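Only one structure is covered here, and it is reproduced in the block below.
Here the structure is a predicted model, which is why all the values come from computation and not from measurement.
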Amino acid sequence: MTFSVKRFMAIFQKDLKDLYRNMYVSSTALMPLIFAVIYGRMDNVTIEMHLFVISMSLALVGTFLQCAMIAEEKEKNTLRGLMLSPATLTEILSGKSTVTILITVIVTGISMFIMDFSFTGRIGLMAGIILSLIFFIALGTWMGLITRSVLEASVYILPVMFIFGMGNMFIMFAEQYAFLQILEYTPGLQLQEIVELEDAGAGFGELWKPFAIIGAWAIAMVVLAAVTFKKRMMD
């Protein structure tokens, strides 16, 4: 079955309207902006602060919006009808994901503007963010498929926010608590690694490792989300 732009746009427009009506879900986009305003007023804003806000945008906005939209479909008993419609798996997921990607990019862009951060010359960082966004969207899709309501999705997002969104903050305690060392392999910390290597003038030969780690996260989560989606279609 070929990809239908008409079906894709129908799903995209529907989810955009639903998100606009649901202020509880859409208001989560304010948290990264609040941090951006707070940090933006400081005299010395470090790169770690910028990356913290970026990670928060990806983890909270990207994952939660995607998760909540799918969970809301399940809560209203409309997801099953969508799965059984002529729309393909690609059309359904791309339609929903495009809404989340659009909001996440806008929130991240506004946050960085508030903090007066420029992506000029940071091609590696931008590529890392795009790759990380794929992971967070896939994570949100999977979480939405295993949750039963928006309220439940709000609970599930908490560990994601702390582990993936605030990993940059908690990593400083890794020397005291050995189990926190696993945070070094999260996409947020890998973005920090990319920035440090870029600032040191490293080439692709040295940047491949953080990209490989983020890519592994993304591939694993995309596969898990696709398998779970197909399983839900057969349940």
State yes or no: do [X] and [Y] share one hydrophobic cluster built from I, L, V, M, F, W and Y residues joined by side-chain heavy-atom distances below 4.5 Å, directly or via other members?
{"X": "I130", "Y": "V107", "value": "no"}
{"X": "L139", "Y": "L158", "value": "yes"}
{"X": "L102", "Y": "V99", "value": "yes"}

Between the side chain of E193 and the main-chain N/O of K209, is any donor-acceptor distance below 3.5 Å?
no

If you look at every heavy atom in [X] and [Y], which pair is closest and at what distance?
{"X": "T104", "Y": "S57", "result": "CG2-O, 3.8 Å"}
{"X": "V45", "Y": "M115", "result": "CG1-CE, 3.6 Å"}
{"X": "A36", "Y": "I114", "result": "O-CG2, 3.6 Å"}
{"X": "I194", "Y": "L125", "result": "CG2-N, 3.8 Å"}
{"X": "L191", "Y": "S132", "result": "CD2-OG, 3.9 Å"}
{"X": "M112", "Y": "H50", "result": "CE-O, 3.7 Å"}

Once rounded to the nearest 0.5 Å, what's the spacing between atom [atom1] of [X] and atom [atom2] of [Y]?
{"X": "F35", "Y": "S111", "atom1": "CZ", "atom2": "OG", "result": "11.0 Å"}
{"X": "I214", "Y": "I129", "atom1": "CD1", "atom2": "CD1", "result": "9.5 Å"}
{"X": "L189", "Y": "I213", "atom1": "CG", "atom2": "CD1", "result": "10.0 Å"}
{"X": "I54", "Y": "M49", "atom1": "CD1", "atom2": "CE", "result": "14.0 Å"}
{"X": "I146", "Y": "T141", "atom1": "CD1", "atom2": "OG1", "result": "11.5 Å"}

Is the closest side-chain heavy-atom distance between [X] and [Y] below 4.5 Å?
{"X": "I157", "Y": "C67", "answer": "no"}
{"X": "L51", "Y": "T46", "answer": "no"}
{"X": "P210", "Y": "L197", "answer": "yes"}
{"X": "M221", "Y": "I134", "answer": "no"}
{"X": "Q192", "Y": "V195", "answer": "no"}
{"X": "F52", "Y": "Y39", "answer": "yes"}
{"X": "S149", "Y": "E152", "answer": "yes"}
{"X": "R122", "Y": "D199", "answer": "yes"}

Within the supplied structure, the quantity of interest is the number of heavy atoms (other residues, nucleotides, ligands) at a distance under 6.0 Å from F113 CZ; does it exceed 12?
no

Hits for ring-ring contact (aromatic ring centres under 6.0 Å, His included) against Y185, two or more places apart or cross-chain, chain-then-number order -> none

Could you go through the side chain to side chain contact (heavy atoms under 4.5 Å, CB included) check for T63 and L58 one step at a time?
CA-CA 7 Å; T63 301; L58 295 174; over 6 Å; no

For the residue pair T100 / Q66, report whether a side-chain donor-acceptor contact shorter than 3.5 Å exists.
yes

Under the side chain to side chain contact (heavy atoms under 4.5 Å, CB included) criterion, do Y156 and F64 qualify, and how do the steps go?
CA-CA 9 Å; Y156 276 50; F64 182 63; over 6 Å; no

Test ring-ring contact (aromatic ring centres under 6.0 Å, His included) on F135 and F164 and set out the steps.
CA-CA 11 Å; F135 161 72; F164 294 104; 5.3 Å; yes

Once the angle between the rings of F119 and F117 is folded into 0 to 90°, is it parallel (under 30°), tilted (30 to 60°) or perpendicular (over 60°)?
perpendicular

Going through the distances and angles, do L33 and V53 end up as a side chain to side chain contact (heavy atoms under 4.5 Å, CB included)?
CA-CA 8 Å; L33 296 175; V53 175; over 6 Å; no

